[in-house]
Q: 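Could you have a look at this structure, given as structure tokens, before my questions?
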Amino acid sequence: MAEPIVLLLSGPNLTLLGERQPEIYGVATLEDHVGRARAAARAHGIELEHFQSDAEADLVREIHRARGRARAIVINAGALTHYSWSLHDALAAFDGVVVELHLSNPDAREPWRHQSVISPVADGSIAGFGGLGYELAIEAVAALIGAR
Ligand code: DQA
């Protein structure tokens, strides 16, 4: 049987990880985080696809493309987390598991980061554990989709 596909989505500014506010986000790059998620996925027989864009429309398109194809979406939407109702609607129309992911803990930061428009359409959220979150998100997905 084909391996289940899980889509990891990365939103705006995450390509700057490693240089961007290391005191908040750490020194690992996006590539490091994706590698960590990929290794965890491999251990569960999951095929991980990764897509990054700074543009909301690109992320909406990838969520549409995942419909009926991917079993789960793990999404770190960056700042779009806090105001993108189009990502909210696209995820609501996705029929698989959705995990919201953040490196930092937005609830412990500025008030404008306390609202997430992603969490109401997510099965669960992982935030505040830095790069470990990428592994934890895959563990959660593997359990929810019944991967090995
Ligand atoms: C983030 C948290 C967001 O508030 C912020 O805009 C980001 C990164 C995180 O991973 O901690 O760009 O999603």
Side-chain angles (χ1 to χ4, degrees), residues 4-44 46-67 70-145 147:
I5 295 171
V6 172
L7 176 63
L8 172 62
L9 287 178
S10 301
N13 299 309
L14 298 183
T15 49
L16 299 181
L17 289 172
E19 294 168 24
R20 172 192 184 204
Q21 295 178 284
E23 68 288 1
I24 295 174
Y25 298 116
V27 293
T29 63
L30 180 59
E31 205 178 308
D32 295 334
H33 296 310
V34 174
R36 203 163 169 172
R38 214 179 277 292
R42 203 175 300 124
H44 287 288
I46 289 169
E47 184 184 335
L48 190 81
E49 292 181 2
H50 175 244
F51 179 82
Q52 188 280 333
S53 179
D54 293 331
E56 187 175 16
D58 292 345
L59 296 165
V60 169
R61 187 197 60 227
E62 288 306 308
I63 295 168
H64 292 178
R65 286 192 58 238
R67 283 158 49 84
R71 297 285 302 280
I73 293 176
V74 175
I75 180 165
N76 184 346
L80 291 171
T81 301
H82 311 299
Y83 62 91
S84 175
W85 293 106
S86 57
L87 282 182
H88 169 107
D89 283 350
L91 289 168
F94 174 70
D95 41 7
V97 168
V98 175
V99 175
E100 175 187 16
L101 175 63
H102 300 286
L103 290 157
S104 67
N105 177 2
D107 282 335
R109 299 178 62 194
E110 305 93 315
W112 63 267
R113 294 187 202 270
H114 296 181
Q115 186 191 22
S116 167
V117 298
I118 303 296
S119 55
V121 289
D123 291 274
S125 304
I126 294 170
F129 299 112
L132 174 62
Y134 281 77
E135 249 174 76
L136 296 175
I138 297 299
E139 291 299 327
V141 162
L144 291 172
I145 69 172

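What you see is a predicted model, and the numbers here were worked out from it, not measured in a lab. Note that ligands are numbered from 1 as they come in the structure, with each ligand's atoms numbered from 1 the same way.
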Q: More than 12 heavy atoms of other residues, nucleotides or ligands under 6.0 Å from CZ of Phe51: yes or no?
A: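 More than 12 within 6.0 Å, yes.
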Q: Decide whether Ser10 and Gln52 meet the rule of one side-chain donor and one side-chain acceptor closer than 3.5 Å.
A: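 No donor-acceptor contact under 3.5 Å links the two side chains.
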Q: Is the number of heavy atoms from other residues, nucleotides or ligands within 6.0 Å of CD (Glu31) greater than 12?
A: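 Counting other residues, nucleotides and ligands, CD of Glu31 stays at 12 neighbours or fewer.
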Q: Please list, in number order, the atoms of ligand 1 under 4.0 Å from a heavy atom of Tyr25.
A: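 Those of ligand 1 that fall under 4.0 Å from Tyr25 are 5 (C), 7 (C), 8 (C), 9 (C), 11 (O).
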Q: Is there at least one pair of N or O atoms, one from His82 and one from ligand 1, spaced under 3.5 Å apart?
A: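 Yes, at least one N or O pair falls under 3.5 Å.
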Q: If I take atom CG from residue Leu59 and atom CD from residue Glu56, how far apart are they, to the nearest 0.5 angstrom?
A: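 Leu59 atom CG to Glu56 atom CD measures 8.0 Å (nearest 0.5 Å).
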Q: Name the closest protein heavy atom to atom 1 (C) of ligand 1, giving the residue it belongs to and the distance to 0.1 Å.
A: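 The closest one turns out to be His102 ND1, 3.6 Å.
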Q: So is Asn76 close enough to ligand 1, meaning a heavy atom under 4.0 angstrom away?
A: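 Under 4.0 Å: yes for Asn76.
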Q: Touching ligand 1 at all, Arg20? Heavy atoms, strictly under 4.0 Å?
A: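 Heavy atoms of Arg20 do come under 4.0 Å of ligand 1.
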Q: Quick check: are there more than 12 heavy atoms from other residues, nucleotides or ligands sitting under 6.0 Å from CZ of Arg61?
A: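 Yes.
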Q: Below a 4.0 angstrom heavy-atom separation, can you tell me which part of Arg113, side chain or backbone, both or neither, approaches ligand 1?
A: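 The side chain, only.
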Q: Got an N/O contact under 3.5 Å between Thr81 and ligand 1?
A: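 Between Thr81 and ligand 1 (N or O atoms, distance only) the closest approach is not under 3.5 Å.
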Q: Got a sec: does the CZ of Arg109 have more than 12 other heavy atoms crowding it under 6.0 Å?
A: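 Above 12, so yes.
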Q: Among all protein heavy atoms, pick the one closest to atom 11 (O) of ligand 1 and tell me residue, atom and distance.
A: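 Heavy-atom neighbour on the protein nearest atom 11 (O) of ligand 1: Ser104 OG, 2.6 Å.
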Q: Taking non-hydrogen atoms only, is Leu103 closer than 4.0 angstrom to ligand 1 via side chain, backbone, both or neither?
A: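 Under 4.0 Å from ligand 1, Leu103 contributes backbone and side-chain atoms.
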Q: So is there a nitrogen or oxygen of Ala79 less than 3.5 Å from a nitrogen or oxygen in ligand 1?
A: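 Checking ligand 1 against Ala79, an N or O pair does fall under 3.5 Å apart.
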Q: Does any N or O in the side chain of Thr81 come within less than 3.5 Å of the main-chain N or O of Gly78, such that one atom is a donor and the other an acceptor?
A: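 Answer holds: yes.
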